[in-house]
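Since we're looking at a predicted model, the values are computed, not measured. Worth knowing before you read on, the calculation uses all heavy atoms, side chains too, and leaves out hydrogens, waters and symmetry mates. Both ligands and their constituent atoms are indexed starting at 1 by order of listing.
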Amino acid sequence: MSFELPDLPYAYDALGPYMSAETLEYHHDKHHLAYVDNGNKLLAGSGLEGKSLEDVVTGSFGNNAGLFNNAAQHYNHMHFWNWMKGNGGGTSLPGKVQAAIDSDLGGYDKFRADFIAAGLTQFGSGWAWIAVKDGKLEIMKTPNGENPLVHGATPILGCDVWEHSYYIDYRNARPKYMEAFVDSLINWEYVEELFEAATA
Ligand code: ZN
């Protein structure tokens with residue numbers, strides 16, 4: 001199996017004004033494509049050819065840094081495009097994910113504060129997450145391409161806090177970017193779908 005760049009699930013201008021077409025053109029067409037191309041070069045001869053993307057990510061972690069970084073970022077970005085939509089965010093969440101946020105994360109307001117704090121305190125490049133671990137939701141943060149899969153958890157929401165995700169639209173204002181992501185971009189229906197799959 002080789003890695004392939006998926007099309008965006010919406011038009012390049014669909015996430016304005018919170019994420020511009022220019023950001024998506026660079027982020028998807030250049031950065032994500034580079035992870036796909038480099039990942040395919042490094043997959044060849046790695047012994048992990050033919051495995052699922054998830055198994056390449058967990059199988060390369062800690063022993064093949066080049067392959068891991070590119071495969072994990074391919075996995076992260078494939079989901080990231082789907083974690084956003086036009087007219088997303090807001091406080092009316094699908095029922096099952098709302099109930100889990102209430103019971104495991106202390107309710108929506110605490111989730112919002114803790115998720116944004118995770119992204120802001122991730123020094124340098126990385127990701128903020130909601131992951132399912134042992135059947136419960138957890139807020140996590142990871143550096144660079146690392147993700148919850150390598151910590152025995154399944155990500156159901158992730159926010160890319162690499163500068164390439166926000167520098168064109170927000171310059172260095174990571175807090176404003178994270179607030180816009182939570183309040184106006186999150187595709188909660190996709191989060192619910194991943195939550196149901198992770199807890200089935
Ligand atoms: Zn990115």
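- Listed by first and then second residue, the salt bridge (Lys or Arg N to Asp or Glu O under 4.0 Å) pairs involving residues 6-24 amount to none (not counting sequence neighbours).
- The six-membered or imidazole ring of H164 lies near that of H77, with a centre-to-centre distance under 6.0 Å.
- Within a 6.0 Å sphere centred on OH of Y18, other residues, nucleotides and ligands contribute 12 heavy atoms or fewer.
- Within the protein, the number of N/O/S atoms found under 2.8 Å from the Zn ion (ligand 1) is 4.
- H32 and H27 share no side-chain donor-acceptor pair at under 3.5 Å.
- Atom CG of N87 has 12 or fewer heavy atoms from other residues, nucleotides or ligands within 6.0 Å.
- Inspection of the T23 and D169 side chains reveals an N or O donor paired with an N or O acceptor under 3.5 Å.
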